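Predicted model, so just to flag it, every value in this text is computed and none were measured.
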Amino acid sequence: MNKTTRPHDDAIVELLREDPDFANEYIATALEEADQEGGREALLAALRHVAEAQGMSAVAERAGIPRESLYRALSPSGNPTIKTLLAVLDAAGLKLGVHRAVTV
C-alpha cells in the first residue's frame, strides 16, 4: 500500500474527529439513503464511524450499552433496535429528525 493512502474508514473517522459537526450531515445523508440497496449497511457504518471518532467505549457508556453489544449492533450484519439506535445517537450528541419526503 502506498504510504500516502489509507483505508476509507480511517479517513472518515479522522474527519469526524477533526470536525465533529460533520457527523450531522454524514448521519443525515446515511439516513436518507438507508432504503437504497446497501443503505442499511452504510447507515450502520456511519454510526460506527461516529462512535469510533468519539471513542467506542465512551459512546457505549453514555448510551448505557455494553461495548461488545455496541460493536455487534453497529456491525455490517447488525440489527439494532430503535432503543439502541436512539441511545447511540443521543450518546453521540445527535438527534433523529423527520421531514416530509419530496414526491416526484
**Q** Mind jotting down which residue pairs meet the salt bridge (charged side-chain N to carboxylate O under 4.0 Å, His left out) criterion with at least one end in residues 10-30? Sequence neighbours excluded, please.
**A** Arg6-Glu14
**Q** Please list, chain by chain and in numerical order, all residues satisfying side-chain contact (heavy atoms from CB on, under 4.5 Å) with Pro20, sequence neighbours excluded.
**A** none
**Q** Using side-chain contact (heavy atoms from CB on, under 4.5 Å) as the criterion, list what pairs up with Ser57, not counting sequence neighbours.
**A** Arg67
**Q** Which atom pair, heavy atoms only, marks the closest approach of Asp9 to His49?
**A** OD1-NE2, 2.9 Å
**Q** Applying salt bridge (charged side-chain N to carboxylate O under 4.0 Å, His left out), name anything that partners Asp90, two or more places apart in sequence or on another chain.
**A** Lys95
**Q** Search all heavy atoms of Ala63 against all heavy atoms of Ala91 and return the closest pair with its distance.
**A** N-CB, 3.6 Å
**Q** Can you list everything that forms a side-chain contact (heavy atoms from CB on, under 4.5 Å) with Thr81? Sequence neighbours excluded, please.
**A** Lys83, Thr84
**Q** I need the minimum non-hydrogen distance between Ala73 and Pro80, along with the two atoms involved.
**A** O-CD, 3.4 Å
**Q** Could you list the residues that satisfy side chain to side chain donor-acceptor pair (under 3.5 Å) with Asn24, not counting sequence neighbours?
**A** none
**Q** Taking only residues two or more places apart in sequence, or in another chain, which ones meet Glu52 in a side chain to side chain donor-acceptor pair (under 3.5 Å)?
**A** none
**Q** Other than Leu96, what residues sit in its cluster of Ile, Leu, Val, Met, Phe, Trp and Tyr side chains whose heavy atoms are under 4.5 Å apart, directly or through others?
**A** Ile12, Leu15, Leu16, Phe22, Tyr26, Ile27, Leu31, Leu43, Leu44, Leu47, Val50, Met56, Val59, Ile65, Leu70, Tyr71, Leu74, Ile82, Leu85, Leu86, Val88, Leu89, Leu94
**Q** Who pairs with Glu33 by side-chain contact (heavy atoms from CB on, under 4.5 Å), at least two apart in sequence or on another chain?
**A** Thr29, Gln36
**Q** If the condition is side chain to side chain donor-acceptor pair (under 3.5 Å), which residues does Glu32 pass it with, not counting sequence neighbours?
**A** none
**Q** What residues, two or more places apart in sequence or in another chain, satisfy side chain to side chain donor-acceptor pair (under 3.5 Å) together with Arg72?
**A** Ser69
